[in-house]
Amino acid sequence: IIILCSKPSIEFLEFIGVVKENGSEQISLPPVLTPLSYDYVLVAKNAENHVTEAFKKQRDYIDELKKKNFKVTKIIDDDLAFYGIQAPKEIFERYRYLLKVSDACNWRREKNLFIIPFLFFQIVFEARFCLHEVKFLKSLHLFLLFCEFSPLCVCVGLCVFRNYFGEKVALYFLWLGWYTYLLIPPAAVGIIVFLFSLSQFNSSPLIKEVCESDTVMCPLCDQGCKVWQLSETCTFAKLSLLFDNNGTVVFALFMAIWTTLFLEFWKRNRASYVCEWKVSDWSEEEEELILEIVNNVDCKPKKFEHSYVHSTLVIICVTILLIIGLTHALVVFRVIVAGFLASEPSGFLRQHANIGAMVAGAVLHYITITVMTRVNKIVAVKLCDIEKTRSFAATEKSFTVKMFTFQFFTYFSSLFYVAFFLGRINGHPGEYVRLAGKWRLEECHPSGCLTDLFIQMTFIMVLKQIINNVFEFSGPWFRRFMKQKRSKKLQRKCAHCYLKDETESNDGAELCENCKLKDWHKNYELTDVNSFSLFNEFLEMVIQFSFTTIFVAAFPLAPLLALFNNIIEIRLDAIKMVTLERRMVPKKTNDIGVWIDILEAIGVLAVIANGLIIGVSSDFIPRLLYQYHYGPCANGTSSDCLTGYINNTLSIASLSDDTVKFSPEQMITSAGVTVTSCSYKDYRDSDYKFTQQFWLILAARFAFVILFEHVVVICKFVAAWFIPSAPMQVKNDKLFDKLHRLKEELK
């Protein structure tokens with residue numbers, strides 16, 4: 001790999017091992033470190049009473065390790081007991097041999113594997129962790145400090161993270177970096193669409209018609225609301241034009257195709273790296289089986305099982321508790337808040353009751369997300385326990401699917417309501433739909449239903465990304481800061497040590513007890529990690545990917561916000577793993593697992609959702625029909641085809657109709673004029689029946705949705721078929737590698 005940057009720093013060149021060769025600078029990755037003197041550390045409370053049940057379990061477990069020839073070193077520090085564990089070389093040799101004879105694994109493995117047999121899942125210990133390697137941490141710090149976002153740094157960084165944290169963490173950063181890089185095109189197109197919308201502010205006849213209108217609109221609630229002028233929504237009409245225009249249709253089509261290209265090119269990029277890492281044919285289930293055999297030759301694996309009862313239970317939990325429950329709670333809350341604000345004596349609150357209910361609903365939605373995240377995790381774990389999966393790989397996959405499903409509906413249930421139901425089931429003057437016969441269902445914002453969806457998405461995306469990043473980084477940092485006194489005390493003890501500091505000692509050399517204790521305690525004070533720590537990072541990014549693709553037609557700037565967030569996120573995640581968290585157990589993998597299936601499902605759902613938003617929620621189809629069938633251009637009487645469109649979308653309700661029950665106080669305008677009729681947004685005649693134009697628009701809406709989805713799905717399949725899942729070079733390398741292995745075996 002040739003260095004492409006102009007003047008890389010000396011520290012960075014020393015870190016990545018640059019050597020001069022024929023006048024060029026060539027990379028040689030950092031030398032592989034020998035295994036640490038201790039592979040794992042267990043921490044337990046130093047029990048004074050040696051007859052307790054917890055102490056007996058700990059003692060029995062340590063004795064079992066010693067019987068398997070594990071080296072165990074115990075160090076007492078006040079109320080804590082540290083157990084340093086070192087596996088015998090025979091375990092690693094058996095593991096490598098089984099990899100060699102395995103059908104699903106390439107036997108030409110690197111020699112720097114960090115293998116720890118998991119033998120202590122049900123043992124009572126306060127903490128258990130891998131030790132951070134000081135020399136490798138120094139290299140990682142230099143990489144994070146001096147490396148820029150360039151292809152060279154990405155390649156070197158992935159190799160460093162892979163050697164230290166394993167392929168699983170390296171593939172997460174590879175996916176996140178690839179996702180961030182490919183967000184640049186949709187972010188740029190989103191900005192162009194946004195600027196195109198801004199350019200129409202002064203030339204759009206729709207905005208001019210709204211701002212100059214003298215139309216009196218019907219009250220938006222039963223008590224406290226009065227009739228209002230359509231021109232009062234001039235500012236919001238301009239806002240709605242930013243995401244309800246012809247440009248968003250093209251942008252939604254672009255994003256649907258971009259989703260497919262992103263996934264297909266990701267498969268190619270992943271294939272290149274896993275081929276280089278020699279894990280193309282690796283199998284997670286076979287890996288776990290090998291570890292079980294290494295631990296116990298007479299082990300008996302669990303059989304594959306499937307429970308239809310359990311699957312039915314998951315469906316019930318999702319449909320009843322999440323989709324129906326959360327959506328109804330949000331609807332009831334918004335209706336009550338709107339009625340409460342409308343009855344307030346303050347004129348400002350009465351006039352903006354609809355906006356207040358919208359903002360309050362968005363805030364409640366965010367609070368619900370925060371609370372339900374913890375509840376969903378508990379429910380998902382309980383369901384996995386009931387399921388009794390065969391292996392950890394199966395448990396991880398099952399938990400991922402359940403947790404993502406719960407989180408997805410927690411995030412998007414209210415957005416689906418706002419996008420597709422709000423303002424369409426509330427009735428009409430004289431026959432409004434009410435909750436419990438009392439509270440009238442709220443209507444869309446006067447400027448359109450997409451305004452509500454835009455505000456909801458803005459609140460959730462901005463709050464979620466900013467607050468999550470702040471707490472995700474500051475939480476571990478603050479906990480480490482609060483434990484600094486203990487670390488300083490141990491550091492003063494090490495000043496009396498005659499051995500050299502561990503950063504200068506030979507790899508694998510034994511340290512004195514004080515140095516060991518300092519190192520172990522420093523690792524113990526870091527934030528705990530577990531097998532699902534990486535799951536949280538993936539979940540956060542995949543939920544963001546859902547926001548970026550599913551409702552992008554209502555929020556064209558979503559890819560830009562995601563790009564800015566990810567540029568910060570990828571660096572914060574790396575710093576957090578290196579400096580603030582305990583070391584994850586390095587694990588091999590050759591893919592991001594079930595997440596790729598979830599991403600493909602999101603891509604299909606994005607096509608459906610964006611088609612429905614454009615065809616059903618937006619005014620694109622009514623504008624198109626008016627422009628060519630009902631408007632002035634249809635008769636050739638005007639050059640401006642959208643003149644009179646706003647007035648065409650309104651129906652009239654008169655007080656002379658006995659079914660209309662607005663009070664006389666509600667029919668007084670802000671100028672003090674009493675009116676006898678008002679307008680509302682719908683296609684109805686004087687008898688409140690749907691007009692012929694309504695049915696024609698409805699048919700055109702669904703025809704557009706079907707056409708849009710079929711065209712986009714065909715484009716997706718063509719793109720997926722046209723792009724191979726792996727580069728030809730990778731396939732050829734695997735072919736010749738397998739041929740070479742077979743020849744060696746034959747010899």
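Note that these values count all heavy atoms, side chains included, but never hydrogens, waters or copies made by symmetry. The shown structure was predicted, so the numbers you read here are calculated from the model rather than taken from an experiment.
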Ring geometry between Phe690 and Trp695 (parallel below 30°, tilted from 30 to 60°, perpendicular above 60°): perpendicular

Geometric class of the Tyr683/Phe694 ring pair [parallel <30°, tilted 30-60°, perpendicular >60°]: tilted

side-chain hydrogen bond (donor to acceptor under 3.5 Å, both in side chains) assessment of Ser197 paired with Asn245: CA-CA 7 Å; Ser197 305; Asn245 56 71; 2.7 Å; yes

Please report the shortest heavy-atom distance between [X] and [Y], naming the atom on each side.
{"X": "Lys238", "Y": "Cys211", "value": "CE-SG, 4.5 Å"}
{"X": "Cys678", "Y": "Phe662", "value": "SG-CE1, 4.0 Å"}
{"X": "Ala187", "Y": "Leu563", "value": "CB-CD2, 4.1 Å"}
{"X": "Ala256", "Y": "Val607", "value": "CB-CG2, 3.9 Å"}
{"X": "Ile646", "Y": "Leu230", "value": "CG2-CD2, 3.7 Å"}
{"X": "Val705", "Y": "Gly611", "value": "CG2-O, 3.4 Å"}

Does some side-chain heavy atom of [Y] sit less than 4.5 Å from a side-chain heavy atom of [X]?
{"X": "Phe412", "Y": "Ser546", "value": "yes"}
{"X": "Asn246", "Y": "Val250", "value": "no"}
{"X": "Met541", "Y": "Leu176", "value": "yes"}
{"X": "Thr215", "Y": "Gln229", "value": "no"}
{"X": "Phe408", "Y": "Leu605", "value": "yes"}
{"X": "Val552", "Y": "Thr248", "value": "no"}
{"X": "Asn269", "Y": "Trp175", "value": "no"}
{"X": "Thr548", "Y": "Phe555", "value": "no"}

Separation between [atom1] of [X] and [atom2] of [Y], rounded to the nearest 0.5 Å:
{"X": "Ser651", "Y": "His428", "atom1": "OG", "atom2": "NE2", "value": "10.5 Å"}
{"X": "Leu560", "Y": "Leu183", "atom1": "CG", "atom2": "CG", "value": "9.5 Å"}
{"X": "Leu415", "Y": "Ile613", "atom1": "CG", "atom2": "CD1", "value": "9.0 Å"}
{"X": "Gln692", "Y": "Ile697", "atom1": "CD", "atom2": "CD1", "value": "11.0 Å"}
{"X": "Asp619", "Y": "Leu624", "atom1": "CG", "atom2": "CG", "value": "12.0 Å"}
{"X": "Gln693", "Y": "Arg684", "atom1": "CD", "atom2": "CZ", "value": "14.0 Å"}

Derivation and outcome, side chain to side chain contact (heavy atoms under 4.5 Å, CB included), residues Met217 and Ser679: CA-CA 5 Å; Met217 304 296 292; Ser679 300; 4.0 Å; yes

Those residues that, when tested against Asp573, pass side-chain hydrogen bond (donor to acceptor under 3.5 Å, both in side chains) (two or more places apart): Tyr172

Qualifying side-chain hydrogen bond (donor to acceptor under 3.5 Å, both in side chains) pairs, either residue in residues 549-569, two or more places apart: Asn469-Asn565, Gln544-Asn566

Take atom [atom1] in [X]; do more than 12 heavy atoms of anything else shown fall under 6.0 Å from it?
{"X": "Phe421", "atom1": "CZ", "answer": "no"}
{"X": "Tyr630", "atom1": "OH", "answer": "yes"}
{"X": "Ile652", "atom1": "CD1", "answer": "no"}

Run the ring pair (Phe, Tyr, Trp, His ring centres under 6.0 Å) test against [X] and tell me which residues pass, sequence neighbours left out.
{"X": "Phe708", "answer": "Phe704"}
{"X": "Tyr411", "answer": "Phe547"}
{"X": "Phe420", "answer": "Phe416"}
{"X": "Phe545", "answer": "Tyr179, Phe262"}

Verify, without hydrogens or angle tests, whether [X] (side chain) and [Y] (backbone) share a donor-acceptor contact under 3.5 angstrom.
{"X": "His710", "Y": "Ile706", "value": "yes"}
{"X": "Thr674", "Y": "Ile668", "value": "no"}
{"X": "Glu209", "Y": "Asn647", "value": "yes"}
{"X": "Trp258", "Y": "Leu182", "value": "yes"}
{"X": "Trp228", "Y": "Cys218", "value": "yes"}
{"X": "Tyr626", "Y": "Thr643", "value": "yes"}
{"X": "Arg268", "Y": "Ser725", "value": "no"}
{"X": "Thr669", "Y": "Val673", "value": "yes"}
{"X": "Asn610", "Y": "Ala606", "value": "yes"}
{"X": "Asp685", "Y": "Asp687", "value": "yes"}

Evaluation steps, side chain to side chain contact (heavy atoms under 4.5 Å, CB included), between Trp178 and Phe265: CA-CA 9 Å; Trp178 185 251; Phe265 281 116; 3.5 Å; yes

Salt bridge (charged side-chain N to carboxylate O under 4.0 Å, His left out) between Lys267 and Glu600, worked out: CA-CA 12 Å; Lys267 294 175 184 177; Glu600 290 178 347; 2.9 Å; yes

Asp214 side chain to Ser231 side chain, donor-acceptor N/O pair below 3.5 angstrom: no

Check: Thr373/Gln407 side-chain N/O donor and acceptor closer than 3.5 Å: yes

Side chain to side chain contact (heavy atoms under 4.5 Å, CB included) between Phe194 and Val189, worked out: CA-CA 9 Å; Phe194 181 76; Val189 176; over 6 Å; no

Val660 and Tyr688: CA distance, side-chain angles, deciding distance, side chain to side chain contact (heavy atoms under 4.5 Å, CB included) verdict: CA-CA 11 Å; Val660 179; Tyr688 302 107; 3.0 Å; yes

